[in-house]
Amino acid sequence: MKDNEKKILVLGLGRSGLAMLDYLDKRNVKVLAFDNKKELPIDCSKWNNVEFHIGENPTGEEEVDQLVISPGVPLHLPFIETFRKREVEILGEVEFAYRNARGTFVGVTGTNGKTTTTTLLGEFFKEAHRDTKVVGNIGNPVIRAAENATEDTWYVSELSSFQLETVRDFKCHIAGFLNLTPDHLNRHGSLECYGGMKANIFRNQTKEDFAVLNFEDEYVKKLEDKIDSTVLWFSAKRSVPYGLYLEDGAIISNLDGEKRVLFSRSDVALPGNHNMENVLMAMCMAYSAGISFEIMHDVLKKFQGVEHRLEFVREVAGVRYINDSKGTNPDASTKAVEAFDKNLILIAGGMDKKVPFDKFIETFQGKVKKLILLGETKHIIESCAKEHGFDEIVLVKDMEEAVETAYQVSIRGDIVLLSPACASWDMYGSYEVRGEDFKTLVGKLEEK
């Protein structure tokens, strides 16, 4: 059945859902659009072939051929099970786009570092003059990019566990898995299930395709035996069987049959030791696409990272303010704390994803002077911190109070770091909105 002969239900009207409406409406496909939020900032008259149900969930009995579900919607909801029993095909925007796209997919997944790695990889492809579209969880729906693509297009894709949960035919020619630490356990239930969703990035690969794996991550390392594609390894700590690694301050390759020094770590502009894993994985993936190390070297000398990830905001009266709103889980924020030596005033807290904070708290020793907590998890993190003997804690009601408190308690030489270790959805629509709020509030501070 052709798409314009189908009736499709689009569930969830965020970025990917609205992009689906645009794509389907242009092709005169009949669409039912549902979102259980009672108010949405959209003009429903913009689409001619869409019937809207705002503030509602489907029943599961709607007469449709496909259900295209947004990443944020859990698959265990009763009405989704009703669709499943009726054998209505359930897929996500990434899967739908893949079936309707021309070009080649390159995919990045992992708990932390996805956005930095995807952005850097996209820069490698652009510098190599490839027709490049950076898409996926990074904020650019794949279906929107697919409209103007050709067979020569490369989709450099950041892929979350939510997006990979609904793939079926989707295939990456080159796929990389950075790391796995506890996150989204409120959705997936266990670390094993969460990891299994991410491992779907290797689904449908053959020996002509490439898988790039972190030699230092135990879960990722074990995936080698389950993958049919050619495996490349990376490590920021030791040599690997076939891939790229860091040794004595230099990036080393053994991809061409012999050990070769490529260039110095000091040539990489991106700060932080934790970022070297992101660099090495992006390099392995670019190599698999036939991009030269010379091109990668040129990019790495200039690339300094992404917004909301250890982003310097401003210095006020000798105090530096750093925005790490993209620290949406404890492991990401642990890396943020580890990037500094001392004198941290840390702002944390947000939506409860049912993950432990112990390792995060353990990094505070000798570094964090004051912990300012807000959001749904503030009492949970406070309790965990006190169990670990840390009690320099202030509880606040919102970001404005957090920034003002940090301003009042800080002295010259301190660093105020926003790294929440939690998702933003209890107080903000996204980590970007949270980070922008922090930056705006910091921008209003006056010199002491």
Side-chain angles (χ1 to χ4, degrees), residues 94-95 98 103-122 124-125 130 134-138 142 154-161 163-181 191-246 251-257 276-291 293 296:
V94 169
E95 175 70 19
Y98 175 80
T104 304
F105 279 78
V106 176
V108 173
T109 198
T111 303
N112 297 305
K114 296 188 298 297
T115 300
T116 299
T117 305
T118 304
T119 305
L120 174 59
L121 185 57
F124 289 158
F125 274 81
R130 305 287 179 91
V134 181
V135 297
N137 194 56
I138 203 163
V142 186
W154 291 83
Y155 302 90
V156 178
S157 317
E158 178 185 332
L159 298 168
S160 70
S161 60
Q163 290 169 314
L164 290 166
E165 192 173 13
T166 50
V167 298
R168 298 293 177 269
D169 301 332
F170 177 77
K171 185 180 93 162
C172 287
H173 175 50
I174 305 164
F177 198 145
L178 272 162
N179 47 52
L180 188 77
T181 58
L191 187 64
E192 196 66 25
C193 181
Y194 170 50
M197 294 299 104
K198 286 192 171 294
N200 277 338
I201 197 168
F202 303 115
R203 187 172 181 146
N204 301 315
Q205 283 196 319
T206 65
K207 62 182 180 180
E208 286 77 30
D209 302 310
F210 300 92
V212 178
L213 303 179
N214 186 347
F215 200 67
E216 302 305 326
D217 188 289
E218 287 306 312
Y219 180 89
V220 174
K221 195 174 180 181
K222 290 175 183 175
L223 292 173
E224 181 187 21
D225 296 335
K226 302 175 184 178
I227 292 172
D228 294 327
S229 45
T230 299
V231 172
L232 286 73
W233 298 99
F234 65 92
S235 171
K237 295 182 178 178
R238 53 184 159 165
S239 62
V240 296
Y242 179 72
L244 299 176
Y245 57 96
L246 198 62
I251 294 175
I252 310 293
S253 166
N254 62 7
L255 288 163
D256 301 323
M276 283 312 300
E277 289 192 342
N278 305 334
V279 167
L280 293 168
M281 186 166 107
M283 289 180 67
C284 281
M285 295 179 75
Y287 172 87
S288 301
I291 295 173
F293 291 126
M296 297 183 220

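What you see below is based on every heavy atom in this structure, not just the backbone, and it leaves out hydrogens, waters and symmetry mates.
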*To the nearest 0.5 Å, what is the distance between CG (L164) and CG (L159)?*
5.0 Å

_Would you compute the distance between atom CE of M283 and atom CE of M276 and round it to the nearest 0.5 angstrom?_
8.0 Å

*Polar side-chain atom of T166 near backbone of Q163 as donor-acceptor pair, under 3.5 Å*: yes

*asked:* Can you list everything that forms a side-chain contact (heavy atoms from CB on, under 4.5 Å) with T118? Sequence neighbours excluded, please.
replied: V108, V134, I138, V156, E158

*Do you know the tightest heavy-atom contact between L223 and F177?*
CD1-CD1, 3.5 Å

_Going by ring pair (Phe, Tyr, Trp, His ring centres under 6.0 Å), name the residues that satisfy it together with F170, two or more places apart in sequence or in a different chain._
Y98, F105

*CG of L191 to OH of Y219: how many Å apart, nearest 0.5 Å?*
8.0 Å

*salt bridge (charged side-chain N to carboxylate O under 4.0 Å, His left out) pairs, two or more places apart, involving residues 214-237*: E216-R238

*For the pair Y155 (side chain) and V142 (backbone), establish whether a donor and an acceptor sit closer than 3.5 Å, ignoring hydrogens and angles.*
no

*With rounding to the nearest 0.5 Å, note down the distance linking OH in Y287 to CG in L232.*
7.5 Å

*Is it true that atom CD of E192 has more than 12 heavy atoms of other residues, nucleotides or ligands lying nearer than 6.0 Å?*
no

_side chain to side chain contact (heavy atoms under 4.5 Å, CB included) assessment of I251 paired with F293_ = CA-CA 11 Å; I251 294 175; F293 291 126; over 6 Å; no

*Rounded to the nearest 0.5 Å, what's the gap from OH on Y242 to CG on N254? Could you check?*
8.5 Å

*Measure from the side-chain N and O atoms of D209 to the backbone N and O of I174, and report whether any donor-acceptor pair falls under 3.5 Å.*
no

*Do N179 side-chain atoms and G110 backbone N/O form a donor-acceptor pair below 3.5 Å?*
no

*Test T116 against every option in N278, L121, V279 by the side chain to side chain contact (heavy atoms under 4.5 Å, CB included) rule and name the one that passes.*
N278

*Might you point out which heavy atoms bring L244 and S253 nearest each other, and give the distance in Å?*
CD2-CB, 3.4 Å

*So, does T109 use its side chain to make a donor-acceptor pair with the main chain of K198 at under 3.5 Å?*
no

*Could you tell me the separation between the CG atom of L178 and the CG atom of L213, rounded to the nearest 0.5 Å?*
10.5 Å

*What are the two closest heavy atoms between A286 and M296, and how far apart are they?*
CB-CE, 3.8 Å

*Would you check, one step at a time, whether the test side chain to side chain contact (heavy atoms under 4.5 Å, CB included) holds for F125 with I291?*
CA-CA 7 Å; F125 274 81; I291 295 173; 3.9 Å; yes

*What heavy-atom pair brings S229 and A211 nearest, and what distance separates the two atoms?*
OG-CB, 3.5 Å

*Heavy-atom pair of closest approach, residues V240 and F234*: CG1-C, 4.0 Å

*Evaluate the ring planes of F210 and H173, with Trp represented by its six-membered ring, and classify them as parallel (under 30°), tilted (30 to 60°) or perpendicular (over 60°).*
perpendicular

*Does K171 offer a backbone N or O that forms a donor-acceptor pair with the side chain of Q205 under 3.5 Å?*
no

_For S239 versus F215, what's the shortest heavy-atom pair and its separation?_
O-CE2, 4.0 Å

_Donor-acceptor under 3.5 Å (T230 side chain, K207 main chain)_ = yes

_Quick one: does any side-chain atom of N204 pair with a main-chain N or O of R168 as donor and acceptor, under 3.5 Å?_
yes

